[in-house]
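Heads up, the thing below is written out as structure tokens.
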Amino acid sequence: MNSKVLSKPFFERGAKIVAKELIGRRLVSRCGGHRAAGIIVEAEAYLPVNDPACHGARGKTKSNAVMFGPAGFAYVYSIHAGHCFNIVTGNVGEPEAVLIRAVEPQLGIKTLKRRRQNDNHRLLTTGPSRLCQAFGVNREQDGIDLTVRRKIWLEDVDYDGEIPVMVSPRIGVTSGESLKLRFVWKNNPYVSGPKKWRT
DNA sequence: CCACGGATGCGCT
DNA sequence: GCGCATCCGTGGA
């Protein structure tokens with residue numbers, strides 16, 4: 001067991017730097033009694049100030065309350081016909097988070113395929129809603145602690161060289177489009193979005 | 001109670 | 001690349 005769980009101090013920083021540094025780390029899920037893991041290849045930052053796309057921008061509500069709490073907790077919300085998985089960052093009282101948009105499947109492929117009812121490897125965890133479905137994440141995980149090995153957690157991963165990270169505008173946001181807050185593992189096949197924002 | 005829209009996904013062209 | 005199915009939280013009546 002040489003894998004290190006990412007702890008509070010890692011997340012108690014700005015969403016932008018956390019999003020960038022999460023590229024290449026490992027996401028592990030034990031939700032639903034089955035183990036699944038993947039390498040994060042795409043993440044977006046949502047900022048506490050000057051970011052109209054952030055859910056916390058128009059104040060605290062029952063469903064986004066976790067965003068205003070301490071870092072290192074899960075903020076899960078439903079959208080369209082699925083869910084999105086976020087990690088709260090920064091200070092208490094300031095709504096900021098990192099949205100995990102895609103991972104490269106690593107462990108529990110059979111589980112991922114069954115939950116997704118799809119054999120296409122690229123469609124298992126590419127996109128925030130697909131990722132949640134594959135990893136068994138739903139609103140029941142809203143507010144859980146991500147810094148302990150319980151339901152979901154994140155682990156450090158060792159690499160020989162630098163990870164090639166590319167920056168782009170965020171996907172699907174209708175406000176704050178000019179902000180370059182999306183980070184991807186350059187040329188990784190499991191990154192979502194238009195090709196010009198993957199390479 | 002009901003209308004509305006969104007950090008989406010799928011199927012079809 | 002594009003249209004539309006789908007669904008739940010939110011806010012106004």
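Numbers restart at 1 for each chain; the letters A, B, ... are given by sequence-line order, proteins then strands. Values below: all heavy atoms of this structure, side chains included; hydrogens, waters and symmetry mates excluded.
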>> Using the rule given for ring pair (Phe, Tyr, Trp, His ring centres under 6.0 Å), can you reason through Tyr75(A) versus Tyr77(A), listing the C-alpha separation, both sets of side-chain angles and the distance that settles it, and then say yes or no?
In response: CA-CA 7 Å; Tyr75(A) 168 47; Tyr77(A) 68 94; 5.5 Å; yes

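- In this structure, the OH atom of Tyr46(A) is 13 Å from the P atom of dG6(B), given to the nearest Å.
- Straight-line distance from the CE atom of Met67(A) to the P atom of dA7(B): 11 Å, rounded to whole Å.
- Around atom CG of Asn187(A), more than 12 heavy atoms belonging to other residues, nucleotides or ligands sit under 6.0 Å away.
- A distance of 11.0 Å separates CZ of Phe135(A) from CZ of Arg35(A), quoted to the nearest 0.5 Å.
- Thr89(A) and Glu12(A) share no donor-acceptor pair across their side chains, judged by distance under 3.5 Å alone.
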> Given the rule that a pair is Watson-Crick or G-U wobble with both distances under 3.5 Å, how would you write DNA chain B in dot-bracket, using | for pairs to a different strand?
Replying inline: ||||||.|||||.

> What does nucleotides 2-8 of chain C look like as a protein-contact string, B for base, S for sugar-phosphate only, - for none, at under 4.0 angstrom between heavy atoms?
Replying inline: -----BS

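- Look at CD on Glu44(A): it is 12 Å from C1' on dT8(B), rounded to the nearest Å.
- Contact record, Leu154(A) with Phe11(A): CD1-CZ, 3.9 Å, taken as the closest heavy-atom pair.
- Of all nucleotides listed (dT8(B), dA7(B), dC10(B)), dA7(B) comes nearest to the side chain of Asn86(A).
- Distances shown here put a side-chain N or O of Arg116(A) below 4.0 Å from the OP1 or OP2 atom of dC10(B).
- Atom pair Leu179(A):CG and dA7(B):P shows a separation of 14 Å (rounding to whole Å applied).
- Dashed line: the shortest gap from a side-chain N or O of Arg101(A) to OP1 or OP2 of dT8(B) is under 4.0 Å.
- Following rounding to the nearest Å, Arg58(A) (CZ) and dG11(C) (C1') show an atom-to-atom distance of 12 Å.
- At a threshold of 4.0 Å, the pair Lys16(A)-Glu21(A) does not count as salt-bridged, since none of the basic side-chain nitrogens sits closer than that to a carboxylate oxygen.
- Although no hydrogens or angles enter the test, the distance criterion places no donor-acceptor pair under 3.5 Å between the side chain of Arg150(A) and the main chain of Asp145(A).
- The nearest whole Å value for the distance from the NE2 atom in His55(A) to the C1' atom in dT8(B) is 12 Å.
- Checked options Glu42(A), Arg101(A), Arg198(A); the residue passing with Val184(A) is Glu42(A) (criterion: side-chain contact (heavy atoms from CB on, under 4.5 Å)).
- Following rounding to the nearest Å, Asn120(A) (CG) and dC10(B) (C1') show an atom-to-atom distance of 12 Å.
- Going from atom OH of Tyr75(A) over to atom P of dG9(C) covers 11 Å, rounded to whole Å.
- Judged as a side chain to side chain donor-acceptor pair (under 3.5 Å), the pairs with a partner in residues 106-115 of chain A (not counting sequence neighbours) are, in order, Arg26(A)-Gln106(A).
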